[in-house]
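Working notes for the structure below.
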Amino acid sequence: MTTSPLERAADSFAAELARHRTGRGLTKKQLATMMGFDPSYVSHVEGRRHRPTEDFARRAEAVLDAGGVIWQRFREYDQLRQTRATPGLREPAPPGRWLPPGTGLVVERETATLTLVDGTYRCVIRRRLHNAGTEPVTRYLVRVAVDRWPDDPGRSNRHHREHPLTFAELRFRAIHHDDGAREPMHWRVRHDRDAYKEIWLLFENADGRFPLHPGERAEVEYAYRVGRVKWGPWFQRAVRLPTRHLAVRLDLPAALDPRVWGVETSLSADEGPLRTPVRRHDRGDRVVFDWSTDDPPLNTRFRLQWRFRREAPETPPVPTRPADRMRALGMLPPEATPPGRPARPLHLPREAATAREVADRLTDLLTRAEEVHPLSTGTGLAAPQIGLDVAVAVVRPADRSAPPVVLVNPRVVGESPETVEQYEGCLAAADHRGLVARPLRIEVEHARADGSRMITSFAYGMARLVAHEIDHLDGRAWTDRMAPGVPLVPVEEYRESNA
């Protein structure tokens with residue numbers, strides 16, 4: 001009996017599914033459980049009693065990690081099916097309703113461009129997203145990572161501890177494209193580490209919210225920059241969501257005589273060469289390298305690597321002064337946060353998650369600051385000092401066994417008439433100290449997560465630390481509290497006088 005091309009394509013899909021299943025040592029029931037299907041469904045597909053669906057094919061490809069073969073067989077079958085149903089139709093159908101855990105998103109197209117200009121890598125990622133789920137999407141997680149020496153993890157880890165990646169240098173921005181219009185997107189930090197950041201892109205901005213509803217599509221774009229001191233000779237893209245098309249471009253100076261190659265890695269396969277070639281285009285004083293692939297398997301990582309054949313080894317600068325170390329961690333210099341502008345109070349409980357995330361960032365940064373610039377008198381940090389316009393501060397007592405104090409929307413509501421004049425410093429200006437008079441005790445009203453208010457009393461050293469951070473939130477420079485004409489003291493002289 002003669003079979004049709006459509007039947008042969010369905011048979012080919014079923015055979016490929018069975019081959020990879022048995023190769024993994026899985027029973028039909030085990031595979032069905034891992035895919036989230038009824039156990040009889042796999043038997044019916046392999047037995048040609050059920051035709052494969054896109055949902056089934058995507059899950060089978062992801063679970064069996066078949067290097068794209070199962071998915072390719074489904075596309076061949078699906079295109080024949082559509083051609084028979086609608087003569088002349090050539091384009092594949094839009095993504096099906098496969099729901100990766102925690103999302104409902106499919107990346108229909110990603111274009112990633114990395115450009116090296118004047119010693120700085122500028123990265124732009126643009127993705128066309130389709131909400132194939134059943135719930136509106138209000139945020140989208142992205143990751144920024146550096147690795148100075150990818151083949152020497154120990155060396156890279158030491159380097160990034162000394163030269164951590166900071167948001168101040170990243171100059172991160174995000175944009176939502178909608179019918180030709182470009183709308184800025186708010187974003188929120190999820191993780192802030194020395195060598196990587198995880199960031200929620202929020203489908204909202206100052207003008208309102210624009211969630212991505214089921215069935216809708218949108219294009220998002222985010223961009224950042226990193227100096228060559230922290231960015232090694234590699235650019236990696238990881239496939240974490242179902243992706244139809246992935247394209248990468250490197251734009252490098254021709255004067256450096258770049259040589260580019262690529263590798264790919266999956267959960268079930270060791271590192272190997274890219275399956276599609278990298279194309280080189282010489283354009284005057286620039287060399288452009290393009291690479292792309294269709295329907296990459298989930299959990300695959302693609303890495304473009306390069307070396308420059310006309311360049312002497314670089315020696316990264318090492319911060320020596322305390323203020324330079326603080327800048328390297330991401331703290332802004334005093335001139336970047338001019339006085340006179342109070343931080344924005346948070347609306348609680350609606351912004352309770354923001355308060356927690358900012359407090360976590362400040363606490364983490366204080367820990368790292370103390371590693372490079374130890375202080376025995378306690379430390380504090382306010383959100384504006386790291387470029388965040390929210391009224392959140394964290395204070396660490398001199399007694400490290402005591403937990404840090406988190407202050408949200410604080411204001412001083414009472415203070416003792418007794419004051420004491422002591423030397424005071426600031427992490428953002430860590431090279432100097434100044435004599436500042438502060439009350440011995442202060443009463444501070446601040447907010448709980450549910451929006452209710454409480455009053456806490458602070459005395460002596462903690463009163464000074466808390467008052468200093470509230471000055472930052474109120475838009476007041478701590479040096480304004482010094483007596484007129486009294487100069488700042490270099491930290492070296494301060495230490496000698498207190499030895």
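Under the 3.5 Å distance criterion, with hydrogens and angles disregarded, no donor-acceptor pair is assigned to the side chains of Glu264 and Thr300. With 3.5 Å as the limit, one finds a donor-acceptor pair spanning the side chains of Thr456 and His446. No hydrogens or angles considered: nothing links the side chains of Glu216 and Asn131 as a donor-acceptor pair under 3.5 Å. The closest side-chain donor-acceptor pair between His245 and Glu110, if any, does not fall under 3.5 angstrom. No hydrogens or angles considered: a donor-acceptor pair under 3.5 Å links the side chains of Asp450 and Ser452.
Look at Asp471 and Arg481 and you find a salt bridge, because one of the NZ, NE, NH1 or NH2 atoms lies within 4.0 Å of a carboxylate O, short of that distance. A salt bridge is defined here as a Lys NZ or Arg NE, NH1 or NH2 lying under 4.0 Å from an Asp or Glu carboxylate O, and Arg341 with Asp389 meets this definition. For the pair Arg190 and Glu357, the salt-bridge criterion is not met [side-chain N within less than 4.0 Å of a carboxylate O]. The residues Arg438 and Glu421 are annotated as not salt-bridged, no charged nitrogen and carboxylate oxygen being separated by less than 4.0 angstrom. Salt-bridge check for Glu424 with Arg464: passed, with a basic side-chain N closer than 4.0 Å to an acidic carboxylate O. By the 4.0 Å N-to-carboxylate-O rule, Glu219 lies too far from Arg109 to be salt-bridged with it. By the 4.0 Å N-to-carboxylate-O rule, Glu351 lies close enough to Arg344 to be salt-bridged with it.
Taking the six-membered ring where the residue is Trp, Tyr224 and Tyr222 present parallel rings, their angle staying beneath 30° rather than reaching 60°. Between His159 and Trp149, the angle of the ring planes goes over 60°, which puts this pair in the perpendicular group of the 30/60° scheme. Taking the six-membered ring for Trp and thresholds of 30 and 60 degrees, Trp291 and Phe302 have ring planes inclined between 30 and 60 degrees apart.
In plain terms, the two heavy atoms of Pro384 and Val390 that are nearest each other are CD-O, 4.0 Å.
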